[in-house]
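Only heavy atoms go into these numbers, but all of them, side chains included; no hydrogens, no water, no symmetry mates.
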Amino acid sequence: MNSVIYHALSQKDAKEFDIQHPGTQRAEAFVRAFLKRSMPRMSRQAQEDHLQRKAVVLEYFTHRKQKEKKKKSKGLSAKQRRELRLFDINPEQQRYSLFLPLHELWKQYIRDLCNGLKPDMQPQMIQAKLLKADLHGAIVSVTKSKCPSYVGITGILLQETKHIFKIITKEDRLKVIPKLNCVFTVEIDGFISYIYGSKFQLRSSERSAKKFKAKGTIDL
């Protein structure tokens with residue numbers, strides 16, 4: 001197209017505007033000639049003003065909103081909880097009678113879990129249910145242990161961690177019993193279940209996915 005317009009110019013115009021210059025100069029000369037022929041009444045200064053204007057290409061694009069990563073609120077670590085003594089039971093609260101209602105609630109919870117504890121039920125089924133159940137509130141007894149001083153301790157289970165049981169006895173004494181190398185019994189409505197502490201070293205919240213063997217062993 002440029003060549004057609006260029007040839008349409010007179011030789012006089014081409015010479016005047018120096019169309020013969022190559023590259024940028026040739027293009028500039030062509031534009032000047034085109035403006036002069038298209039707008040003969042426009043002054044030379046106005047033509048210069050037009051030539052100085054630059055076209056700006058605006059790119060249209062949408063700003064993608066960056067998803068703000070929600071900071072998950074981290075709870076207190078086990079060390080921080082210990083330092084704050086959140087799990088400590090105050091001495092004035094270390095009374096067996098205060099936790100008897102908790103024991104009654106636990107018994108009802110187990111009865112519902114087992115669809116009622118009937119005399120003809122299989123003990124193995126109750127054992128399997130208890131091993132996966134929450135034991136807070138159960139009456140727990142130590143029947144065997146490598147440490148003879150633990151044997152015979154009985155009370156309501158108040159706290160359970162991965163490695164220990166905290167039990168309140170009828171004498172209003174808080175006992176901390178390690179699970180390792182101890183055998184515990186849990187009794188409810190005449191059914192007795194055994195807990196082998198060495199195989200029971202996990203948190204109560206983790207037991208639902210744990211598979212326990214029918215019979216435990218302990219090296220005593």
Could you report the tightest heavy-atom contact between Met125 and Cys114, atom names first, then the distance? CE-O, 4.5 Å
Set of residues satisfying side-chain contact (heavy atoms from CB on, under 4.5 Å) with respect to Glu187, sequence neighbours excluded: Ile192
Looking at Ala138 and Val186, what are the two nearest heavy atoms and their distance? CB-CG1, 4.1 Å
Under the side-chain contact (heavy atoms from CB on, under 4.5 Å) rule, collect the residues that match up with Gln124, sequence neighbours excluded. Gln122
For the CD1 atom of Ile126 and the CD1 atom of Ile110, what is their distance to the nearest 0.5 Å? 10.0 Å
Can you sort out the partners of Lys175 under side chain to side chain donor-acceptor pair (under 3.5 Å), two or more places apart, ordered by chain and number? none
Check whether any side-chain N or O of Tyr109 sits under 3.5 Å from a backbone N or O of Asp134 as a donor-acceptor pair, and report yes or no. yes
Remaining members of hydrophobic cluster (4.5 Å side-chain criterion), Leu105: none
Gly197 and Gln201 have their tightest heavy-atom pair at O-CG, 3.3 Å
So, taking the atom named OG in Ser145 and the one named CD1 in Ile177, what distance separates them when rounded to the nearest 0.5 Å? 8.0 Å
Looking at residues at least two apart in the chain, or sitting in another chain, which of them share a side-chain contact (heavy atoms from CB on, under 4.5 Å) with Thr154? Ile139, Ser141
With Asp112, which residues qualify under side chain to side chain donor-acceptor pair (under 3.5 Å), at least two apart? Gln108
When rounded to the nearest 0.5 angstrom, what is the spacing between CD1 in Ile156 and CZ in Phe99? 8.0 Å
Go through the structure and list residues passing side chain to side chain donor-acceptor pair (under 3.5 Å) with Thr185, not counting sequence neighbours. none
Working to the nearest 0.5 angstrom, can you tell me the gap between Thr161 OG1 and Leu202 CG? 10.5 Å
List in chain and number order the residues that pass side chain to side chain donor-acceptor pair (under 3.5 Å) with Ser193, two or more places apart in sequence or in another chain; answer none if no residue qualifies. Gln127
The remaining residues in the hydrophobic cluster of Ile164, counting side-chain heavy-atom contacts under 4.5 Å among Ile, Leu, Val, Met, Phe, Trp and Tyr, are Val176
Atom pair CG/OH of Leu131 and Tyr196 - distance to nearest 0.5 Å: 10.5 Å
Find out whether Val140 and Leu135 are in side-chain contact, i.e. whether some heavy atom of one side chain is under 4.5 Å from a heavy atom of the other. no
Looking at Thr143 and Val151, what are the two nearest heavy atoms and their distance? O-CG1, 3.7 Å
Residues at least two apart in sequence or cross-chain that pass side-chain contact (heavy atoms from CB on, under 4.5 Å) with Lys107, listed by chain then number, are His103, Glu104, Arg111, Ile188
Residues Ser198 and Leu180: closest non-hydrogen pair is OG-CD1, 3.8 Å
Considering only residues two or more places apart or on different chains, which pairs with a residue in residues 132-186 satisfy ring pair (Phe, Tyr, Trp, His ring centres under 6.0 Å)? Phe165-Phe184
Roughly how far apart are Tyr194 OH and Lys144 NZ, rounded to 0.5 Å? 8.0 Å
Report, one line per pair, each donor and acceptor closer than 3.5 Å where one atom sits in a side chain of residues 90-97; sequence neighbours left out.
| from | atom 1 | to | atom 2 | distance (Å) |
| --- | --- | --- | --- | --- |
| Gln94 | NE2 | Ile89 | O | 2.8 |

